[in-house]
Amino acid sequence: MFKINDNYLKLPGSYLFSTIGKKVNEFQAAHPDKTVIRLGIGDVTQPLAPVIIDALHGAVDEMGKAETFRGYAPDLGYEFLRTAIAKNDYADRGCDISADEIFVSDGAKCDSGNIQEIFSVDNKIAVCDPVYPVYVDTNVMAGRTGTYDPQTEMWSDVIYMPCTAANNFAPEIPRETPDMIYLCFPNNPTGATVTKAQLQEWVDYANKVGAVIIYDAAYEAYISEPDVPHTIFECEGARTCAIELKSFSKNAGFTGTRLGYTVIPKDLTAHVDGKDVMMHSLWARRHGTKYNGAPYIQQRAGEAVYSPEGKVQLAKQVAYYMNNAKVIKEGLLKAGYTVSGGVNAPYIWLKTPEEMTSWEFFDYLLENANVVGTPGSGFGPSGEGYFRLTAFGTYENTVAALERIKKM
Ligand SMILES: *Cc1c(COP(=O)(O)O)cnc(C)c1O
């Protein structure tokens with residue numbers, strides 16, 4: 001009789017977004033006259049930029065003609081896209097990453113979940129708390145996290161790095177030494193980030209203890225301050241300790257279109273039986289065996305992101321969301337809330353007032369302002385007492401939501 005991967009049974013139910021949905025539906029049914037504004041989602045709302053639509057149309061037409069039809073894409077991505085990424089995201093920032101160290105994929109969620117496969121199950125992971133749930137859950141599925149304590153909502157074999165107001169939402173080097181460190185800056189959910197000097201400390205630490213940093217830079221396009229690193233490869237020594245994950249979802253609205261990439265420098269090696277094994281080779285092998293490449297059509301759209309018109313159009317899109325972030329942040333400050341984020345990220349992280357729990361504040365906001373956000377406790381125990389609002393709505397809804405919150 002077959003047996004299952006019983007690590008899946010260890011996963012606590014992910015009730016966050018289903019509970020939110022249920023509460024909103026119940027509220028709406030009880031108050032059909034009220035319009036609910038949703039500032040909870042982590043999904044973009046602006047349509048794809050014209051330059052991307054043109055690239056998609058062009059690529060579709062190519063697929064319809066025998067001379068330009070494309071079948072399976074190269075496993076690791078088309079050269080035209082990998083070259084554009086290497087130039088624009090790395091060389092132009094003075095970072096030494098070559099096109100053949102870039103692996104194109106269908107998004108950063110898959111890559112952030114799959115990357116752990118090329119590491120031993122004996123490795124100990126460290127994560128920020130609160131955190132994007134994918135990093136922890138995929139390590140649970142692999143059997144790397146020990147046992148779950150429903151009381152503390154923590155895994156026995158995971159090192160948690162609390163990110164709260166006390167440390168300005170930046171993780172501190174943990175007392176116990178991890179093997180794999182997940183970092184995401186600018187951060188989802190807190191909207192916080194670290195300076196280049198702070199990130200350099202992590203790189204130095206990882207090199208010293210022989211750990212790998214898995215760096216999620218999905219929100220890089222939202223950085224507005226000069227001392228915030230756009231890539232971990234701005235740091236000295238990152239080539240020997242870091243893997244970077246990037247996405248086209250948040251900078252170019254590809255959440256439904258799907259495209260991302262992972263960078264693994266060839267200098268990232270593990271010492272096995274007296275030999276250096278390149279993690280680049282393992283991921284190339286994994287990609288070649290389990291993945292048949294991101295679609296040609298999407299990769300042409302990705303290339304357009306780096307065109308001169310593409311850069312102008314997408315900068316406008318990011319500015320649109322960041323203007324919403326400003327409306328939210330300034331509105332909340334005016335209403336007397338303690339707020340962070342929203343400067344280098346489309347997320348605003350607020351302290352719930354009067355010692356309310358995250359869920360109490362969720363209900364309070366829904367009842368009194370008819371606004372939906374995300375309870376911080378849904379992202380980890382240190383998120384308790386916090387609440388996330390996103391700048392991904394429309395400008396009109398964002399303004400209306402803040403008017404209601406101010407009147408509350
Ligand atoms: C949205 C997001 C991503 C992007 O995922 P895609 O699969 O590329 O859409 C990655 N990491 C974090 C933390 C995110 O919030």
Side-chain angles (χ1 to χ4, degrees), residues 14 16-17 39-46 48 52 77 81 85 89 102-116 125-139 161 163 169-171 181-194 213-223 228 230-232 242-263 287 291 293-295 298-299 301-302 305 314 317-318 321-322 325 341-342 344-349 373-374 376 378-380 383 388-393:
S14 176
L16 180 61
F17 289 99
L39 299 183
I41 43 155
D43 196 358
V44 296
T45 52
Q46 292 286 294
L48 292 175
I52 291 163
L81 180 58
I85 293 168
D89 289 345
I102 293 160
F103 298 78
V104 176
S105 74
D106 57 357
K109 184 175 189 176
C110 308
D111 285 353
S112 64
N114 291 327
I115 196 73
Q116 48 78 27
I125 68 161
V127 295
C128 292
D129 170 23
V131 71
Y132 181 59
V134 177
Y135 315 145
V136 177
D137 288 358
T138 53
N139 277 287
M161 305 183 288
C163 296
F169 306 99
I181 303 163
Y182 287 82
L183 295 178
C184 170
F185 293 111
N187 188 262
N188 175 13
T190 67
T193 195
V194 289
I213 297 175
I214 296 164
Y215 193 74
D216 186 338
Y219 294 95
E220 173 273 318
Y222 292 85
I223 293 171
V228 177
H230 287 254
T231 151
I232 195 168
I243 290 175
E244 183 158 278
L245 312 168
K246 283 290 293 275
S247 167
F248 289 78
S249 287
K250 312 296 163 40
N251 64 329
F254 278 43
T255 52
T257 306
R258 311 303 306 141
L259 195 66
Y261 68 84
T262 288
V263 180
H287 237 52
Y291 190 57
Q298 273 90 322
Q299 293 196 50
V305 166
L314 294 173
Q317 222 168 60
V318 166
Y321 293 130
M322 287 313 276
N344 297 295
Y347 296 116
I348 286 84
W349 192 241
T374 313
F379 299 101
R388 189 189 78 175
L389 292 175
T390 87
F392 284 135

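Predicted model only: the values in this text are computed from it and were never measured. Both ligands and their constituent atoms are indexed starting at 1 by order of listing.
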K.L.:
Taking the side chain as every heavy atom from C-beta outward, state whether V263 and K246 have any atom pair closer than 4.5 Å.
P.N.:
no
K.L.:
Show which atoms of ligand 1 fall inside a sub-4.0 Å distance from at least one heavy-atom site of D216.
P.N.:
10 (C), 11 (N), 12 (C), 13 (C)
K.L.:
Do F185 and I223 have side-chain heavy atoms sitting under 4.5 Å apart?
P.N.:
no
K.L.:
Any idea which atoms of ligand 1 are less than 4.0 Å away from a heavy-atom of G107?
P.N.:
7 (O), 8 (O)
K.L.:
Run the side chain to side chain contact (heavy atoms under 4.5 Å, CB included) test on M161 and L183 for me, step by step, so that the C-alpha distance in whole Å, both residues' side-chain angles and the decisive distance to 0.1 Å come before the verdict.
P.N.:
CA-CA 10 Å; M161 305 183 288; L183 295 178; 4.2 Å; yes
K.L.:
Would you say the side chain of Y347 lies within less than 4.5 Å of the side chain of L389, judging by non-hydrogen atoms?
P.N.:
no
K.L.:
Has ligand 1 got any nitrogen or oxygen that is less than 3.5 angstrom from a nitrogen or oxygen of N188?
P.N.:
yes
K.L.:
For atom 7 (O) of ligand 1, what is the closest protein heavy atom, and at what distance to 0.1 Å?
P.N.:
R258 NH2, 2.6 Å
K.L.:
Is the closest side-chain heavy-atom distance between Y291 and F103 below 4.5 Å?
P.N.:
no
K.L.:
Indicate, as side chain, backbone, both or neither, the part of F254 found under 4.0 angstrom from ligand 1 when only non-hydrogen atoms are considered.
P.N.:
neither
K.L.:
Short list, please: which atoms of ligand 1 are under 4.0 Å from a heavy atom of A218?
P.N.:
3 (C), 10 (C), 11 (N)
K.L.:
Taking only residues two or more places apart in sequence or in another chain, which ones pass side chain to side chain contact (heavy atoms under 4.5 Å, CB included) with N251?
P.N.:
A221, F248, V305
K.L.:
Of the protein's non-hydrogen atoms, which lies at the shortest distance from atom 15 (O) of ligand 1, and what is that distance?
P.N.:
Y219 OH, 2.6 Å
K.L.:
Name the orientation class of the two ring planes belonging to Y321 and F392 (parallel below 30°, tilted from 30 to 60°, perpendicular beyond 60°).
P.N.:
perpendicular
K.L.:
What about G42: any of its N or O atoms under 3.5 Å from an N or O on ligand 1?
P.N.:
no
K.L.:
Who's closest to atom 1 (C) of ligand 1 heavy-atom-wise, of K250, K246, K109?
P.N.:
K250
K.L.:
Nearest protein heavy atom to atom 9 (O) of ligand 1, by residue and atom, and its distance?
P.N.:
S249 OG, 2.6 Å
